[in-house]
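These figures come from a predicted structure and were not determined experimentally. The chains referred to below are lettered A, B, ... by the order of the sequence lines, with proteins before strands, and numbering in each begins at 1.
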There are 4 protein chains.
Amino acid sequence: MVREQLRAIARRERILEAALAVFARRGYRDAAMDEIAVEAETSKGGLYFHFPNKQSLFFTLLDRMADLLMSRAEQAVAAERDPARQIDAALAVVLRTFSSHRSLARLFLVDALGAGPEAHLKLMEIHRRFADLIACHLEAAIAAGALPPLDTRLASMAWFGAINEVVTNWVLAGEPERLEDAYPQLRVFLRRSVGLPESPEDA
Amino acid sequence: MVREQLRAIARRERILEAALAVFARRGYRDAAMDEIAVEAETSKGGLYFHFPNKQSLFFTLLDRMADLLMSRAEQAVAAERDPARQIDAALAVVLRTFSSHRSLARLFLVDALGAGPEAHLKLMEIHRRFADLIACHLEAAIAAGALPPLDTRLASMAWFGAINEVVTNWVLAGEPERLEDAYPQLRVFLRRSVGLPESPEDA
Amino acid sequence: MVREQLRAIARRERILEAALAVFARRGYRDAAMDEIAVEAETSKGGLYFHFPNKQSLFFTLLDRMADLLMSRAEQAVAAERDPARQIDAALAVVLRTFSSHRSLARLFLVDALGAGPEAHLKLMEIHRRFADLIACHLEAAIAAGALPPLDTRLASMAWFGAINEVVTNWVLAGEPERLEDAYPQLRVFLRRSVGLPESPEDA
Amino acid sequence: MVREQLRAIARRERILEAALAVFARRGYRDAAMDEIAVEAETSKGGLYFHFPNKQSLFFTLLDRMADLLMSRAEQAVAAERDPARQIDAALAVVLRTFSSHRSLARLFLVDALGAGPEAHLKLMEIHRRFADLIACHLEAAIAAGALPPLDTRLASMAWFGAINEVVTNWVLAGEPERLEDAYPQLRVFLRRSVGLPESPEDA
DNA sequence: GATGAATGAGCTTTCATTCAT
DNA sequence: TATGAATGAAAGCTCATTCAT
């Protein structure tokens, strides 16, 4: 029965991959459960065995993306000692992650807003998680004297918004061609905005 | 026959108001033409007499909001001489405008992304208009020596994103209670981000 | 007030022409009163002043086509003395008339069947008129001894059907390129079918 | 699961029967999918599970009627050796088949022309199939010396038209009361039209 | 006479979800 | 577990017709 459990997990995984592909192709509303089932090489009933409804499928993907981003950012931060460098590392890893998962970025930043009111709540919660992460490190940097005191709540939100807009523009308008190319300027912008000196080093 | 034209225009206006209300209540996709018709005290046929389809109704509202914001911001800017103050004035008026048109803000910043691919294009075009406005004034400020040189393209995008996120948070999470309360901190954030000194004066 | 009457008649005529064009372009069901109004350079109200509804517009056109065909056929018949030649003349004129009014032919033979049950009645009545005309001349020919006795009721119906099919094929499939090219063979077919010798002369 | 498939096929059949009834009752355009669903004791969704759209439902019925007629006619022909008798047999079976499927006859000869341009193409193709069948046997009869040479292309078309008109008249005007009553006269007409002697025997 | 804004019943089609097998 | 036939509530949109001006 362990084998069966493994098979079930594998099927679940295949469904999630298929869902991601279809959501990315069509957007949340225009993605049909039928198409996801076909893409996952299973039946509609199979989908509903593993997920109670379309929304939960979508939310699972959102959570995955959030977890992926959060853990990568935390890893990058943990690898640095200097608060200022931590920020650079986090920004770099976030841009790199979005850059190599354009579909997920689109889902995360664009389609999620079209998935109805519950999705809005979910999304704001995710925004909050990121903002809290940023705020937490800003506060640490302030405590360490690396930063002047400031409203970390608003700053983190504004940071998130700034990054969000740059990535969204890349997703929808294709500019810049490589998302990572926005890194140097965005880094300068964010550092300045909280009063960090523009150190010459780079990630 | 002039009276008839006036009545038709009034009806068109009533439809737009109703559409705004229903879009704000339900989001773009879940807003039914039926409901808009009822809200406008018209028939469905009446809707389609004045607007060829649901999307055009939505886009008309988007354009209105964009025009409203743009013209108010430009007015505010024109009323000031000092580049630094111009920026403050524009930010203040944008926040004030969103603050008093919460439904339109929601439409503009949240629902528009859920209205399908064509809406994305439209929206990116609007984002561009605003970013261009910001960039234009940043460049003027740089030319006037009030600002150090910087990548105005990215800065304006990041500014737009930062403001966007703060307003979105207010729309969806209700924080801060009064959107204008975010002004002082946001002002500091934006000024710092482009290297403007935090002057003590306020709009 | 005579001038006004003339103007009204002219307008009515313009509407009929427009209706013919639109019906021919779209078929009865897909022809919109709106489009007819535009084509007639008048308003929808104008249409309804001159015709009580869409169907009457259509029926008027049908009657016109029927009258046109009937009178031309009768003229052609009247110009000949010999019963056998009368038949040739009628056939020739019918083919010639359809040939130069393809839109009307289409309306008459194809679209009319898609215009609902009342149209079916109307159409059968028209078929009957033609069949009666044919039957009447067949009987005269029999009485004159030019033809052996036969069931003129069925023969006329079958003649009408045969001609109908040839014309319909020309309308829908474009074969033969020139409808008149079907005349010689069709003439032979029809003459034989009632026992007329294939005389060498032609109309 | 075999039982399920059987049930599905039965349901499909029930839908086709219902569609036939409703199309015959209302004509193609005025037949509502709603009404077909009710008649088939199914849901509208069920209809669309088995047929992608209204037109395909209609076309399936058309093809059935065409196949039914063709195969019966071919059987009847195969059962006779003498070319002249083959023709009689085919005519008899066609009239008999229409006679016992009045609804299908109506669909086939009347409504199909009102079902839009695609239906016209489909219909002309079916006409062509029948005309080809007729032409083929006429040619065989000519080759066998049973018939003088003639334009089989036109003759077959005219035959089809003649039969068509007689049947249509029966469908729409109810004359003659029993369609088979038209057989003797129609037989004489068709035989004569291609130069066959009126043999005394009958099917 | 003429206009065109307004009506509203009606249409086909979609799709998340259920459930007997 | 898995299947896929079946459901049914909506949805967007059309268009013949009416009627106040």
Q: Give DNA chain E the dot-bracket treatment, 5' to 3': Watson-Crick (N1-N3 with N6-O4 or O6-N4) or G-U (N1-O2, O6-N3) under 3.5 Å, [ ] crossing, | other strand.
A: .||||||||||||||||||||
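Applying a 4.0 Å cut-off to non-hydrogen atoms, the residues of residues 36-61 of chain A that approach DNA chain F are A:T42, A:S43, A:K44, A:G45, A:G46, A:F49, A:H50, listed by residue number. A heavy-atom distance below 4.0 Å to DNA chain F is reached by these residues of residues 22-33 of chain B, ordered by number: B:A31, B:A32, B:M33.
With respect to the salt-bridge test (charged N to carboxylate O, under 4.0 angstrom), the residues C:R64 and C:E13 qualify. One finds no salt bridge joining C:D111 and C:R26 here, because no Lys/Arg side-chain nitrogen approaches an Asp/Glu carboxylate oxygen to under 4.0 Å. Note on C:D63 versus C:K122: salt bridge recorded, some NZ/NE/NH1/NH2 to OD/OE distance being below 4.0 Å.
Rounded to whole angstrom, the span from the CD1 atom of D:I9 across to the P atom of F:dG4 amounts to 15 Å. Across the protein-nucleic acid pair, A:E35 atom CD and E:dC15 atom C1' stand 13 Å apart, rounded to whole Å. Rounded to whole Å, the distance from CZ on B:R12 to P on E:dA6 is 12 Å.
A cation-pi arrangement, defined by a distance under 6.0 Å to the six-membered ring centre and an angle within 45 degrees of its axis, is absent between B:K54 and B:F23.
Remark: D:R11 is not in phosphate contact with F:dG4, judged by side-chain N or O atoms under 4.0 Å from OP1 or OP2.
Here D:E125 contributes atom CD and D:H127 contributes atom NE2; the two are 11.0 Å apart, rounded to the nearest 0.5 Å. Here the CG-CD1 distance, from C:L47 to C:I15, works out to 5.0 Å after rounding to the nearest 0.5 Å.
Contact between C:L16 and C:T60 at its shortest, heavy atoms only, is CD2-CG2, 3.8 Å.
A donor-acceptor pair under 3.5 Å is formed between the side chain of A:H120 and the backbone N or O of A:L113.
C:R14 and C:T42 share no donor-acceptor pair across their side chains, judged by distance under 3.5 Å alone.
Between C:F108 and C:I126 the shortest side-chain heavy-atom distance falls below 4.5 Å.
The residue among D:R7 and C:D34 whose nearest nucleotide of DNA chain F lies closer to the 5′ end is D:R7.
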Q. Could you go step by step and tell me if D:E39 and D:R25 meet the salt bridge (charged side-chain N to carboxylate O under 4.0 Å, His left out) rule?
A. CA-CA 12 Å; D:E39 182 101 11; D:R25 194 151 64 226; 2.8 Å; yes
